[in-house]
Amino acid sequence: MASRTPSAPSSAPARGDRPEHTGRSARTGPPDPAGETGEAGRAGGTGKAGRPRRRLSVDERREQLIAVALELFSHRPPEEVSIDDIAAAAGASRPLVYHYFPGKQAIYEESLRRAGRELSARFEEPADGPLSERLYRVMGRYLDFVQSHGPGFAALLRGGSVTASTNTSAVIDEVRKAAHEQILGHLALPSPSPGLRLTVRAWIANAEITSLEWLADRSVPLEELRLHLVQEFVASLTLTAAREPALAAELAGFFAGERPDGPTGKLVRDLAGLLAVPGLADTLAVLAVPPTPEEPREQA
């Protein structure tokens with residue numbers, strides 16, 4: 001599956017990235033910086049249907065190449081995408097792609113930065129309404145991204161791609177940092193404890209792992225997965241509060257703002273329903289009683 005990633009044009013390009021021969025002699029000199037090569041791109045040339053083609057500016061062509069590459073990386077693992085694939089999808093030549101990027105690794109990293117900024121933006125949510133419902137909307141946007149960028153998302157998070165590097169790792173680290181800060185902002189605590197910060201980081205990691213597993217088999221409906229992830233956050237938050245009295249006091253306000261038909265309300269009903277399971281309530285009641293301290297043994 002893995003193929004060698006080109007780093008720069010050379011006299012012997014890697015197999016799979018060789019330019020196709022058209023029967024005409026190869027064009028000499030640097031590629032057209034305006035981004036149009038071939039007959040239709042030259043002055044006075046025409047595109048399909050005989051209409052003149054507008055020359056792209058340097059910035060427009062670069063943005064087009066990034067957008068095209070991101071689309072390809074979103075649907076195929078990065079090692080299966082070649083420079084020729086990117087050039088063909090952009091309607092450009094292979095030398096032109098190299099004019100803007102030194103190799104596939106560079107355009108891959110730039111595409112990831114674009115995807116990372118988009119994914120980070122999906123965690124932004126107005127601080128209005130119940131917390132679990134805000135997070136439910138966030139996870140809807142997050143999972144939509146996961147679904148539409150499946151292979152690229154998986155390759156990035158798994159870190160096993162031949163295109164993985166310190167730069168690609170930095171992209172996902174920035175996404176995690178943005179998600180972490182956004183969620184803490186929604187909790188609106190003046191000084192989040194180390195335990196709470198760890199809880200949020202662990203939940204973000206769980207969301208990533210769960211998303212990867214879902215991509216592999218998609219056995220759970222997406223809306224069900226979305227609800228489960230939000231409810232897992234609420235459960236983790238509650239467990240952390242059980243260990244931290246200061247957070248527990250804040251949690252009262254959190255639950256007061258929730259609604260019966262929201263994710264938290266559904267979770268509470270599900271937990272309460274467990275008490276109706278025969279024998280379970282009695283077993284839990286026994287576990288809830290603190291152990292009696294052992295009496296000191298008499299000295300012989």
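- For E244, there are no salt bridge (Lys or Arg N to Asp or Glu O under 4.0 Å) partners at least two apart in sequence or on another chain.
- Hydrophobic clustering, with ILVMFWY side chains joined whenever heavy atoms are under 4.5 angstrom apart, groups I204 together with L131.
- Within the 4.5 Å cutoff, the side chain of L184 has no heavy atoms near those of the L189 side chain.
- In this structure, the side chains of L187 and L237 come closer than 4.5 Å at one or more pairs of heavy atoms.
- The ring-ring contact (aromatic ring centres under 6.0 Å, His included) pairs that include a residue from residues 256-275 number zero, where partners must be two or more places apart or lie in different chains.
- By the ring-ring contact (aromatic ring centres under 6.0 Å, His included) test, F123 is found to be paired with Y142, residues two or more places apart in sequence or in another chain being considered.
- With sequence neighbours excluded, the residues forming a salt bridge (Lys or Arg N to Asp or Glu O under 4.0 Å) with R114 are E63, listed by chain and number.
- Residues satisfying the side chain to side chain donor-acceptor pair (under 3.5 Å) criterion with R176, sequence neighbours excluded, are D173, E208.
- Sorted pairs that involve residues 180-201 and meet ring-ring contact (aromatic ring centres under 6.0 Å, His included), not counting sequence neighbours, are lacking altogether.
- The salt bridge (Lys or Arg N to Asp or Glu O under 4.0 Å) search around E125 returns R137, R141, not counting sequence neighbours.
- Under 4.0 Å is where a charged nitrogen must lie from a carboxylate oxygen, and between K177 and E174 no such pair does.
- A cation-pi contact, defined as under 6.0 Å to the ring centre and within 45° of the axis, is absent between R61 and Y100.
- Judged purely by atom type and a 3.5 angstrom limit, W203 uses its side chain to pair as donor or acceptor with the backbone of L229.
- Contacts classified as salt bridge (charged side-chain N to carboxylate O under 4.0 Å, His left out) and involving residues 256-276 (residues at least two apart or in different chains) are given here: E133-R259.
- Side-chain contact between T238 and F233 is absent, with no heavy atoms from C-beta onward closer than 4.5 Å.
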Distance-only donor-acceptor pairs under 3.5 Å for side chains of residues 147-156, two or more places apart:
unit_1: S148; atom_1: OG; unit_2: D144; atom_2: O; d: 3.0
unit_1: S148; atom_1: OG; unit_2: F145; atom_2: O; d: 3.2
unit_1: H149; atom_1: ND1; unit_2: F145; atom_2: O; d: 3.1

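- Residues meeting the salt bridge (Lys or Arg N to Asp or Glu O under 4.0 Å) test with R76, sequence neighbours left out: D85.
- Of the possible polar contacts, one joining the K104 side chain to the P78 backbone as a donor-acceptor pair under 3.5 Å is found.
- For the residue pair S236 / T199, no side-chain donor-acceptor distance below 3.5 Å is found, with atom types taken as modelled.
- Not a single ring-ring contact (aromatic ring centres under 6.0 Å, His included) links W214 to another residue, sequence neighbours left out.
- Legend: ring-ring contact (aromatic ring centres under 6.0 Å, His included) pairs involving residues 57-84, not counting sequence neighbours, sorted by first then second residue: F73-Y108.
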